[in-house]
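Heads up, the thing below is written out as structure tokens.
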Amino acid sequence: MSASGVVSFTQQGWEQVLAKVKRAVVYLDSACAESLHWGCGSTRLLEAVGGPDCHLREFEPDAVGGGAKQPKAVFVLSCLLKGRTVEILRDIICRSHFQYCVVVTAVSHAVHLTANHVPAAAAAEMEGQQPVFEQLEEKLCEWMGNMNYTAEVFHVPLLLAPVAPHFALTPAFASLFPLLPQDVHLLNSARLDKRKLGSLGDVDATALTTELLLQIRCLVSGLSSLCEHLGVREECFAVGSLSRVIAADLANYAPAKNRKKTAAGRASVVFVDRTLDLTGAVGHHGDNLVEKIISALPQLPGHTNDVMVNMIELTALQTEEENCNVVAPGCLAQSNDTTAKALWEALLNTKHKEAVMEVRRHLVEAASRENLPIKMSMGRVTPGQLMSYIQLFKNNLKALMNHCGLLQLGLATAQTLKHPQTAKWDNFLAFERLLLQSIGESAMSVVLNQLLPMIKPVTQRTNEDYSPEELLILLIYIYSVTGELTVDKDLGEAEEKVKKALAQVFCEESELSPLLQKITDWDSSINLTFHKSKISVDKLFTSLRDIAGARSLMKQFKSVYVPGNHTHQASYKPLLKQVVEEIFHPERPDSIDIEHMSSGLTDLLKTGFSMFMKVSRPHPSDYAVLILFVVGGVTVSEVKMVKDLVASLKPGTQVIVLSTRLLKPLNIPELLFATDRLHPDLGF
């Protein structure tokens, strides 16, 4: 099996789309655009469309329709073809002059049957038929105004945005996040005549909302297609409550039954809930340049995993802020530039210091190849030094064209190194190390009291002080690394002081950020009273208590905190590291917390017989391929750690890390306080 299976899977999918787009107006939704962006780049799509005009459009209600000289349209969508999505399709087509419409969906026909409440037995009898797609084809002709016009609807599994050969993300599922204990109460409120759930441990597929179940089924459909492409039959394992539901659904996914029988290879697919360890997601331990880049630079519009690189330094424009929007931004994804791609993969796999030296080396070599007047300098890499190399390319169009991808990564590095957020990164790291020592030596109330003087209103804050959002990141770090709390009077009093200080800070903000608006449910601090702010902060602390208790159902993975002793300081041990070490433990013990999800009667019989005789159940280290899927996001440092750890513990094992999104610290409070976790927007 190819080492770049996730890349070839994505590119193969896009080749099917590109075969249909010649001289068409192409509409993409943001998740498919992100898959294209990382998988093969928008230039491939533009080349396939052909013609002098750019005919790429965002799929949205206000999208411009096709003109009289534009008879063909291709819609590339990541979601179910149902409800609001179909209404937008109808409206665009009705205001256009199309005679040929192609609709590509990343969701399989089998999932469309589920979404339309077709019973499993009836769906099984329809194998090879696609009534939902056929009905939509008729509708497309109707909307085009002539039943003799051409309409095609088909499925292509455009699930992944491959960041590297061993690492990919699922943009359509960026909002998918594991449940918290407070969600159990919400689920119980909908179970009027059913047995109430006692804890997250009781949550199974029957307990979830219809929308969340459908979202999981859409993900499972894509993962099944990936396994088909890799030529493997998957054994599914789970760590955490939502992971258990996803793993069970993949293990028992009916349309994959025949594929599994004929698969030549085997793979372990291990799902892990992000909420079991938020310390690594909000912490600053990762000595990685890419993590700092995605934390410092603004997000690329419409994307969840890439950033905007300011390219104005390569133009003749002045660098004033108002000119920044005049020039299209650069980005990190360089799928069509071999040299830039090699540098990008080096940045993912090296420490910060080596990474900036690698950027300098690539710039020097590129300048030398173009015979640009470069002045060599050794020693520490500075942003000014990188900019001096980059500006050599400024007035040389040929050199700019030849090294455009490399220059984008060089600018991203220089802009990050001189960004105030990067200087603050070290402050965070120092405080987190101090917290780790304090947690071992003091009660939680003492740790919170240490944080109290740092909570300052906007009028008293300097650039070195923490903003309200950054304070939330520190609180999440504290509660996640501490784990289960002993609730006493001192803790209650310390929490109350922090709550009041935070509530006051929220009220005094000159402008509420999008995150604070979400938390307070208020769009302006002008009308935000202390009482309303305090109610919001109380809810926030309910979530923090949930985070602290997230590992309470675990037997082995109860802690990510390693106390200090005479020879070592207290430290943080990532849950993912513990999981990988357990998988490749030389004695291969049956792990209690890494649950194997059985796939049907045969597996259940094996499990039953194993109580009386020696029947070996599947173990996640049994196979040459390990797919580790982190539900809720993953950091660059964690991906590198997993890759390096697997290589050292069991050389020869191919590891693929998948996740819903690439994380920076600020993403976690955004995901935690999202209101649609149980009711995701599926586009209908």
Side-chain angles (χ1 to χ4, degrees), residues 3-4 162-167 280 283-297 305-307 309 330-334 337-369 374-390 403 405-419 421-430 432-433 571-572 574 576-577 580 634-649 651 655 657 662-665:
S4 56
V163 176
H166 62 282
F167 173 36
H284 296 72
H285 328 90
D287 185 18
N288 185 279
L289 175 63
V290 176
E291 277 191 7
K292 293 173 186 176
I293 291 172
I294 64 169
S295 293
L297 301 188
N305 304 299
D306 206 343
V307 296
V309 181
C331 59
L332 300 176
Q334 302 297 332
D337 185 326
T338 313
T339 310
K341 208 166 166 183
L343 174 58
W344 168 248
E345 286 173 24
L347 301 187
L348 290 172
N349 292 309
T350 51
K351 291 188 174 181
H352 174 97
K353 190 178 177 184
E354 289 85 19
V356 290
M357 289 173 74
E358 193 67 9
V359 172
R360 178 172 68 182
R361 185 178 71 79
H362 272 75
L363 287 170
V364 168
E365 286 179 3
S368 301
R369 278 200 296 275
I374 194 157
K375 287 181 183 174
M376 287 295 292
S377 55
M378 301 305 288
R380 198 167 73 87
V381 181
T382 65
Q385 185 190 95
L386 293 179
M387 287 310 302
S388 69
Y389 296 153
I390 288 165
H403 305 284
L406 170 61
L407 293 170
Q408 289 174 63
L409 294 176
L411 280 165
T413 303
Q415 288 163 22
T416 299
L417 291 179
K418 62 183 178 186
H419 197 283
Q421 193 63 37
T422 305
K424 221 169 188 181
W425 188 280
D426 294 334
N427 296 349
F428 268 107
L429 182 58
E432 286 161 8
R433 283 177 177 161
S571 61
Y572 153 68
L576 285 178
K577 184 175 188 182
V580 172
V634 72
T635 69
V636 172
S637 297
E638 288 172 331
V639 176
K640 180 183 182 304
M641 175 193 69
V642 168
K643 183 171 173 266
D644 293 348
L645 200 53
V646 173
S648 68
L649 294 173
V655 63
V657 180
L662 196 57
L663 288 176
K664 58 183 175 185

Measuring from [X]:[atom1] to [Y]:[atom2], what's the distance to the nearest 0.5 Å?
| X | Y | atom1 | atom2 | result |
| --- | --- | --- | --- | --- |
| I390 | L411 | CD1 | CG | 4.0 Å |
| E638 | K643 | CD | NZ | 16.0 Å |
| Q421 | T416 | CD | OG1 | 10.5 Å |

Let's go through L363 and L407 carefully: what are the C-alpha distance in whole Å and the side-chain angles of both, what is the deciding distance for side-chain contact (heavy atoms from CB on, under 4.5 Å) to 0.1 Å, and is it a yes or a no? CA-CA 8 Å; L363 287 170; L407 293 170; 4.1 Å; yes

How close do [X] and [Y] get, counting heavy atoms only, and between which atoms?
| X | Y | result |
| --- | --- | --- |
| D306 | A333 | OD2-N, 3.2 Å |
| R380 | Q385 | O-NE2, 3.6 Å |
| Q408 | G330 | OE1-CA, 3.2 Å |
| G283 | P665 | O-CG, 4.4 Å |
| C331 | L409 | O-CD2, 4.5 Å |
| I374 | A367 | CD1-CB, 3.6 Å |

Using the side-chain contact (heavy atoms from CB on, under 4.5 Å) rule, take H403 and R369 through it: C-alpha gap first, then chi angles, then the decisive distance, then the call. CA-CA 10 Å; H403 305 284; R369 278 200 296 275; 3.9 Å; yes

Compare all side-chain heavy atoms of [X] with those of [Y] and state whether any distance is below 4.5 angstrom.
| X | Y | answer |
| --- | --- | --- |
| V359 | V381 | no |
| L663 | V634 | no |
| R360 | L386 | yes |
| H166 | V639 | yes |

[Y] backbone acceptor or donor facing [X] side chain under 3.5 Å:
| X | Y | result |
| --- | --- | --- |
| N305 | L662 | yes |
| D287 | K351 | no |
| E432 | H284 | yes |

Residues passing the salt bridge (Lys or Arg N to Asp or Glu O under 4.0 Å) test with R433, sequence neighbours excluded, are none

Acceptor/donor pairs from residues 290-297 side chains to any protein atom, 3.5 angstrom cut, sequence neighbours excluded:
| residue | atom | partner | partner atom | Å |
| --- | --- | --- | --- | --- |
| E291 | OE1 | S637 | OG | 3.4 |
| E291 | OE2 | T635 | OG1 | 3.3 |
| E291 | OE2 | V636 | N | 3.4 |
| E291 | OE2 | S637 | N | 2.8 |
| E291 | OE2 | S637 | OG | 2.7 |
| K292 | NZ | H352 | ND1 | 3.3 |
| S295 | OG | E291 | O | 3.0 |

Note to self: Please verify the inter-ring angle class for H285 with Y572; under 30° counts as parallel, over 60° as perpendicular, anything in between as tilted.
What the structure shows: parallel

Self-check item: Step-by-step side-chain contact (heavy atoms from CB on, under 4.5 Å) determination, V646 to V580
Solution: CA-CA 7 Å; V646 173; V580 172; 3.8 Å; yes

Margin query: Can you tell whether the side chains of R361 and E358 come within less than 4.0 Å, N to carboxylate O?
Written below: yes

Report all side-chain donor-acceptor pairs from residues 339-350 shorter than 3.5 Å, counting only partners two or more places apart or in another chain.
| residue | atom | partner | partner atom | Å |
| --- | --- | --- | --- | --- |
| W344 | NE1 | V163 | O | 2.9 |
| N349 | ND2 | E345 | O | 2.8 |
| T350 | OG1 | A346 | O | 2.7 |

